[in-house]
Structure formats: structure tokens, C-alpha cells
Amino acid sequence: MRGNYKVSKDTTKRVLFFGTPEFALPALDAVNEAFEIPLVITTPDRPRNRGRVTPTPIKKWALELGLEVFDPEKINAPESVERLRAANADFAVVAAYGNLIGEEILLLWPDKILNIHPSLLPLYRGASPMEHAILEGDELTGSSIMLLERGLDSGD
């Protein structure tokens, strides 16, 4: 457990977790502490660290936690959507997943997909919010949690 929190685990709720980089690790820990995670979704293994193909930080940690990992090339492909549906989850949490989640997936859990975004929205929507905060010299920053909808970081 990476955070300083303690909650009772609700094993009646099943939550999918979408994430890729190190930023998402505390969120994965928090969700895993509170709910059952039938499936962790991340991006495929890619060349990193001097060209060696390595798993994402989320994949490595999820496997250490004993969680099932799904890392499709195309998350919105029909077979990927079916795999998500088959996980029989109640809702989903997204933390820096790195791919746009399409309409078919959004319809699996309408108004039940939370996105953790590393900026105080509406500032710095998009792929590199932390870098933009640093480049702009912001003295205050944080994270936002919003309902996911079509579009990049555009939900309530």
C-alpha cells in the first residue's frame, strides 16, 4: 500500500482500473484497497529504458498484487470491449491510461467511469498537464476527478 489511508474493502463492488504510468500507482493501490478489481487495463509492453521491451509500471505492480492484467493494442476493438464487458464490473476508474476510451466502452458504465487527471481542471487538459504546470511556473497544482465522457479530459 503506497498511501496513508485505511478503508474497509467492499467486495460487493467490482471496479475496472485503467492506467499506465507511475502516476497511476497510488490510485491503483487505493482502488485495490477499497474494492475488488477483476481486471487492470494498461497499454502494451513497449520499448523503454534503452530500447528494452518492458511492461508498464501499472502492469508490473498489478501482477505483483496478483491482479489480472489486460493490455490490448486497441482498447476500442470489439474483442477488447467484449473482454471489458465480461469482467462484469460495476464501474471503472481511469488514471493516466494513455488512450482515448471510445463510446462503446463508455456505454458499458454510463456515468460510472471516473477519471483522475493530474491538474486542477480546467487547466492543462491533455497529455502532459504536470509538465505544463512546471513550465508555466505554477506555485499550486493538484489533481481533479471527473466523470469520463467522449473527448479528451472533457467530462464533468
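The first residue in the sequence is number 1, and the count goes up from there.
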A.B. asks: Just verifying a value: how many Å separate Glu33 CD and Ser8 OG, rounded to the nearest 0.5 Å?
C.D. replies: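 Output value for this atom pair is 9.0 Å.
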A.B. asks: Taking the side chain as C-beta and beyond, is there a heavy-atom pair between Leu25 and Ile58 under 4.5 Å?
C.D. replies: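 SC-SC contact between Leu25 and Ile58 confirmed.
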A.B. asks: Any side-chain heavy-atom pair from Leu65 and Val40 closer than 4.5 angstrom?
C.D. replies: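 Sidechains of Val40 and Leu65: no contact.
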A.B. asks: For Phe23, give me all partners under ring-ring contact (aromatic ring centres under 6.0 Å, His included), at least two apart in sequence or on another chain.
C.D. replies: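 Once residues adjacent in sequence are excluded, Phe23 has no partner under the ring-ring contact (aromatic ring centres under 6.0 Å, His included) criterion.
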A.B. asks: Can you measure from NZ (Lys74) to CG (Asn99) and round to the nearest 0.5 angstrom?
C.D. replies: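 The distance works out to 11.5 Å.
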A.B. asks: Flag yes if more than 12 heavy atoms outside Lys60 fall under 6.0 Å of its NZ atom; otherwise flag no.
C.D. replies: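 No.
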A.B. asks: State, yes or no, whether a side-chain contact exists between Phe17 and Asn32 at a heavy-atom distance under 4.5 Å.
C.D. replies: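 No, side chains not in contact.
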A.B. asks: Between Ser80 and Pro72, what is the shortest heavy-atom contact and its length?
C.D. replies: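 Distance-wise, the nearest heavy atoms are OG-CB, 3.5 Å.
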A.B. asks: Report the distance from atom CG of Leu114 to atom CG of Leu148, rounding to the nearest 0.5 Å.
C.D. replies: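 If we round to the nearest 0.5 Å, Leu114:CG and Leu148:CG are 9.0 Å apart.
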A.B. asks: Under 3.5 Å, side chain of Arg14 to main-chain N/O of Asn88, donor-acceptor pair present?
C.D. replies: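 Yes: the side chain of Arg14 pairs with the backbone of Asn88.
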A.B. asks: Go through the structure and list residues passing ring-ring contact (aromatic ring centres under 6.0 Å, His included) with Phe70, not counting sequence neighbours.
C.D. replies: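 For Phe70, no residue satisfies ring-ring contact (aromatic ring centres under 6.0 Å, His included) once neighbours in sequence are set aside.
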A.B. asks: Under the 3.5 angstrom rule, does the side chain of Asp10 hit a backbone N or O of Phe35 as a donor-acceptor pair?
C.D. replies: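 It does not hold such a pair.
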A.B. asks: Measuring from Glu36:CD to Thr12:OG1, what's the distance to the nearest 0.5 Å?
C.D. replies: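 Between Glu36 CD and Thr12 OG1, I get 9.5 Å after rounding to 0.5 Å.
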A.B. asks: Where is the tightest heavy-atom contact between Val69 and Ala62, given as atom of each residue plus distance?
C.D. replies: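 The answer is CG2-CB, 3.7 Å.
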A.B. asks: Is there side-chain contact between Leu16 and Ile113, with heavy atoms separated by less than 4.5 Å?
C.D. replies: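 A side-chain contact is absent here, since even the closest heavy-atom pair is not under 4.5 Å.
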A.B. asks: Test: salt bridge (Lys or Arg N to Asp or Glu O under 4.0 Å). Region: residues 104-120. Which pairs qualify, not counting sequence neighbours?
C.D. replies: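 As it turns out, there is no salt bridge (Lys or Arg N to Asp or Glu O under 4.0 Å) pair with a partner in residues 104-120 once direct neighbours are skipped.
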A.B. asks: Side-chain contact test, heavy atoms from C-beta onward, threshold under 4.5 Å: evaluate it for Trp109 versus Leu84 and give yes or no.
C.D. replies: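 With C-beta onward as the side chain, the pair touches.
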A.B. asks: Could you check if a side-chain atom of Tyr97 sits within less than 4.5 angstrom of a side-chain atom of Ile75, using non-hydrogen atoms only?
C.D. replies: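 Result yes, sub-4.5 Å side-chain heavy-atom pair found.
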A.B. asks: Locate the shortest heavy-atom distance separating Gly19 from Ala24; write the atom from each residue and the value.
C.D. replies: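 Between these two residues, the closest heavy atoms are CA-CB, 4.2 Å.
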A.B. asks: Here's a test for you: under side chain to side chain donor-acceptor pair (under 3.5 Å), which of Thr42, Thr54, Asp45 qualifies with Lys59?
C.D. replies: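 It is Asp45, the one option of Thr42, Thr54, Asp45 that forms the side chain to side chain donor-acceptor pair (under 3.5 Å) with Lys59.
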